[in-house]
2 protein chains.
Amino acid sequence: MSILAPPAAVRLDARPLYRQVEEILLGRIVGGDWPPGHAVPSEPELAAELGVSQGTVRKAMSALEQRHVIERRQGRGTTVAKHNSETARHHFFRLRDLSGRAVLSRIMVVSSEPGRAEPWEAAALGLEEGAPVHHLRRIRLLDGSPRIFERCSLSSALVPGFQLPAGELAQELYVYLQQRHQVTIRRAEEELSAAAADTETAEALGKPAGTPLLMVQRIAYDVADRAVEVRLSMIDTERHRYAVHLD
Amino acid sequence: MSILAPPAAVRLDARPLYRQVEEILLGRIVGGDWPPGHAVPSEPELAAELGVSQGTVRKAMSALEQRHVIERRQGRGTTVAKHNSETARHHFFRLRDLSGRAVLSRIMVVSSEPGRAEPWEAAALGLEEGAPVHHLRRIRLLDGSPRIFERCSLSSALVPGFQLPAGELAQELYVYLQQRHQVTIRRAEEELSAAAADTETAEALGKPAGTPLLMVQRIAYDVADRAVEVRLSMIDTERHRYAVHLD
DNA sequence: AAGTGGTCTAGACCACGAC
DNA sequence: TCGTGGTCTAGACCACTTA
């Protein structure tokens, strides 16, 4: 930093320096300069480049790490977060069996086709009614039995030309979005309620219509906080529970 | 710290210094030396007392703040977290109306009486079967209508002689536990599922038996991480949603 | 004006991982 | 052995609250 202008040029901004550094780093990730898996420069390097102390860089990177935007490991270095089946599940799959253990999950695709946004989908994704989306229906088998019927809508503006790889049935959707569409899902908001099984869902899960199901509406956002996906999951909770930690 | 023994006496412990400081501070809170609302000494004071730098104290206190054990405010100082109706709701009440807005909630006590732990209660609270507990049944009115039927069990070992103040119906339970029993609820784990309304619940909520309800089992832990309460909530989600943020 | 937490720096050493 | 992130220090100044 310059000697006689203590706060330095960047500091015309009122926000703390570490926030600005955080935003600069995030910008490089969102902008694609640093794709998933990329090795981020070391802390001393970034400090020198940005004209701040290493401590300031550390504070910025700690915030990004906490949001799972980057991954740090002592001795190895820092990389841009890259989804894999395990991390995607760990962050975004809250179901456990009755003993609290993780669940073996397998996916079957029921249908996959382009469509137009219904009002509720448009509202969730921040689109105009009738905007192009991609519809995906899936059934999840938990520990071998069909337990979840999912109806997903992907915003075609963010995932243009989406289509499942031919012949490939199961796959963690967010891993696929990152690999094939350069879209990294970073967070999601879910709204839970109880509902009776409609006929389509009942058939998919092999349950009588009217069975009480856990209904989860999810909106998933990418690293730039754009709504990418809205998903309606109908869950048979006979042998599983949705786990939440409050603190 | 002494000059020739760099890591100092405390440092025989393998854990980082700031973790040890965190534990020392938490110990004073759990032990009752610093009750809820107590003004924690300033950072420089604690640093001098414990023989570490202010930065180390800061890191320890930041962790405690993030866990809502203490509250820090610039200029004012740091205090031990004290529940009030607003914070208790904000942390532990996840229901929103269909527009995502907070909900007006009123409580009616249905029954309140001592009892013995059923197997599932004993398991949840880490007690022996038949151990003394206090049973509490409540109905919550959300925006004026009965929407939640709650069956709570409090571990009498941790909340001896619990009884509701005569004549007083509504009250945020965790505020009451802190004020009258020196037990501060710090976190909770919830397991959600869908279930058909049983007759008792249906009657309490004025719904037909068999109506799909959101069932939430909560286990609440105090600052020392002891299970204090297990609660079964049956929720009518006709006009409300349980909101979860995943990141 | 005094005292608190919040930001920022500069530099030391440690623990871990890869080469 | 070297480079990385992780810990810890000492001290400066800023922003806010209270009196």
Side-chain angles (χ1 to χ4, degrees), chain A residues 1-25 34 37-66 68-81, chain B residues 1-25 34 37-66 68-81:
Chain A
M1 307 193 58
S2 61
I3 296 176
L4 289 179
V10 202
R11 206 49 206 288
L12 294 174
D13 197 326
R15 295 167 307 163
L17 253 187
Y18 64 84
R19 288 265 177 236
Q20 301 175 46
V21 171
E22 186 183 338
E23 200 151 294
I24 290 171
L25 301 180
W34 293 345
H38 181 267
V40 173
S42 75
E43 293 172 357
E45 276 183 89
L46 286 171
E49 184 210 337
L50 300 174
V52 301
S53 76
Q54 182 176 352
T56 301
V57 171
R58 277 190 68 72
K59 185 149 185 175
M61 294 182 85
S62 293
L64 292 173
E65 184 189 30
Q66 202 172 10
H68 302 118
V69 174
I70 60 175
E71 295 173 355
R72 296 198 285 186
R73 275 178 56 189
Q74 193 176 34
R76 181 178 156 283
T78 299
T79 55
V80 178
Chain B
M1 307 191 59
S2 61
I3 296 176
L4 288 179
V10 201
R11 205 50 205 291
L12 294 175
D13 198 327
R15 295 167 308 163
L17 254 188
Y18 65 84
R19 286 263 178 241
Q20 302 176 44
V21 171
E22 185 183 338
E23 201 151 294
I24 290 171
L25 300 181
W34 294 346
H38 182 265
V40 173
S42 74
E43 293 172 357
E45 276 183 88
L46 286 171
E49 183 210 338
L50 301 173
V52 301
S53 76
Q54 182 176 351
T56 301
V57 172
R58 277 190 69 71
K59 187 151 185 174
M61 294 183 84
S62 294
L64 292 174
E65 183 188 30
Q66 201 172 9
H68 302 119
V69 174
I70 61 175
E71 295 172 354
R72 296 197 286 187
R73 275 177 55 190
Q74 195 175 30
R76 182 177 155 284
T78 299
T79 55
V80 178

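A, B, ... follow the sequence lines: proteins, then strands. Residue 1 opens every chain.
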In this structure, how many angstroms lie between the [atom2] atom of [N] and the [atom1] atom of [X], rounded?
X	N	atom1	atom2	value
E22(B)	dC8(D)	CD	C1'	16 Å
L46(A)	dG3(D)	CG	C1'	15 Å
E45(A)	dG5(D)	CD	C1'	13 Å
M61(A)	dT4(D)	CE	C1'	11 Å
R58(A)	dT4(D)	CZ	P	13 Å
E43(A)	dA10(C)	CD	P	16 Å
R19(A)	dC8(C)	CZ	C1'	15 Å
E71(B)	dG6(C)	CD	P	12 Å

Listing time: all N or O pairs from protein to nucleotides 17-19 of chain D that are below 3.5 Å?
none

Is there a side-chain contact between [X] and the phosphate of [N], meaning an N or O under 4.0 Å from OP1 or OP2?
X	N	value
T56(A)	dT9(C)	yes
S42(A)	dT4(D)	yes
Y18(A)	dC8(C)	no
R72(A)	dT4(D)	no
K59(A)	dT7(C)	yes
S53(B)	dA10(D)	no

Please enumerate all residues that pass side-chain contact (heavy atoms from CB on, under 4.5 Å) together with [X], with sequence neighbours excluded.
X	value
E71(A)	T79(A), A81(A)
E23(A)	R15(A)
E49(A)	R28(A), L46(A)

P16(B) has its side chain closest, among dC8(D), dG6(D), dG5(C), to dC8(D)
Taking only residues two or more places apart in sequence, or in another chain, which ones meet E65(B) in a salt bridge (Lys or Arg N to Asp or Glu O under 4.0 Å)? R72(B)
Going by the rule salt bridge (Lys or Arg N to Asp or Glu O under 4.0 Å), which residues pair with R76(B) if we only count those two or more places apart in sequence or in a different chain? none
For the residue pair S62(B) and K59(B), establish whether any side-chain heavy-atom pair is separated by less than 4.5 Å. no
Counting C-beta onward and ignoring hydrogens, is there a side-chain heavy-atom pair between M61(A) and V40(A) closer than 4.5 Å? yes
More 5' along DNA chain C: G55(A) or P41(B), using each one's nearest nucleotide? P41(B)
